[in-house]
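Worksheet: one structure, shown below.
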Amino acid sequence: MTKNRTAVLSRKSGRDRLAQDTHRTIIDRFDDITYQARAYDNMAAVPLIGPKLSASITMFANRRKVPVISWYCAKARLRSVLGAWLPWDVNAFHGLKATSFPEDPQELIERLLAGFEAAKNGTAFGND
């Protein structure tokens with residue numbers, strides 16, 4: 001873990017800036033995704049609501065030094081999506097949720113782009 005990544009998520013201003021940057025990147029690429037950020041003293045939550053799949057990014061100040069992406073509201077069972085989540089990241093019971101653990105802000109954006117692109121073109125759904 002780099003010192004810079006720790007600093008970004010440990011300060012409220014850093015979490016807020018990362019949330020805004022993430023929002024802009026996703027909204028610029030996918031016009032059907034809506035966004036409602038919630039900032040708290042020790043965390044930021046960024047729900048990105050899509051028509052076929054939604055994601056919530058949680059950035060904690062002191063528990064985890066990397067963001068967590070919770071994929072949810074899938075319209076069908078999720079399959080593995082290279083660059084977004086792996087088969088074992090998908091909920092084994094119903095297959096409609098997955099969790100991703102990006103290592104840094106750049107990987108956060110890359111995983112979100114991969115997941116939403118796969119949902120848009122349908123490759124995120126199947127019977128893997």
Polar contact flag, side-chain donor to acceptor under 3.5 angstrom, Trp71-Ser100: yes

Distance (rounded to the nearest 0.5 Å) between Ser54 OG and Leu48 CG: 8.5 Å

Heavy-atom side-chain contact between Val68 and Ile57 under 4.5 Å: no

Nearest heavy atoms of Met59 and Pro67, plus distance in Å: CG-CB, 3.8 Å

Co-membership, hydrophobic cluster, residues Leu113 and Phe116, 4.5 Å side-chain: yes

Contact summary for Ala45 and Pro47, nearest pair of heavy atoms: O-CD, 3.5 Å

Any Thr99 side-chain heavy atom under 4.5 Å of Trp85 side chain: no

Ile27 vs Ile33 side-chain heavy atoms within contact, under 4.5 Å: yes

Atom pair CG/CH2 of Leu86 and Trp88 - distance to nearest 0.5 Å: 4.5 Å

Side chains of Leu53 and Lys75 in contact at under 4.5 Å (non-hydrogen atoms): no

Sub-4.5 Å side-chain heavy-atom contact between Pro102 and Ile69: yes

Closest contact, heavy atoms only, Arg29 versus Glu117: NH2-OE1, 3.7 Å

Shortest non-hydrogen contact from Arg24 toward Asp21: NH2-OD1, 2.5 Å

Note, Leu96 side chain near Tyr72 side chain (heavy atom, < 4.5 Å): no

Spacing of NZ belonging to Lys120 relative to CG belonging to Asp32, to within rounding of 0.5 Å: 6.5 Å

Minimum heavy-atom distance Thr123-Val81, with the two atoms named: O-CG2, 4.5 Å

Under 3.5 Å: donor-acceptor pair, side chain of Glu107, backbone of Glu103: yes

Nearest heavy atoms of Phe125 and Ala74, plus distance in Å: CE2-CB, 4.1 Å

Validation row: Leu112, Thr22 side chains within 4.5 angstrom (heavy atoms): yes

Cluster overlap Ile49 with Phe30, hydrophobic side-chain contacts below 4.5 Å: no

Main-chain N/O of Thr25 paired with Asp28 side-chain donor or acceptor, under 3.5 Å: no

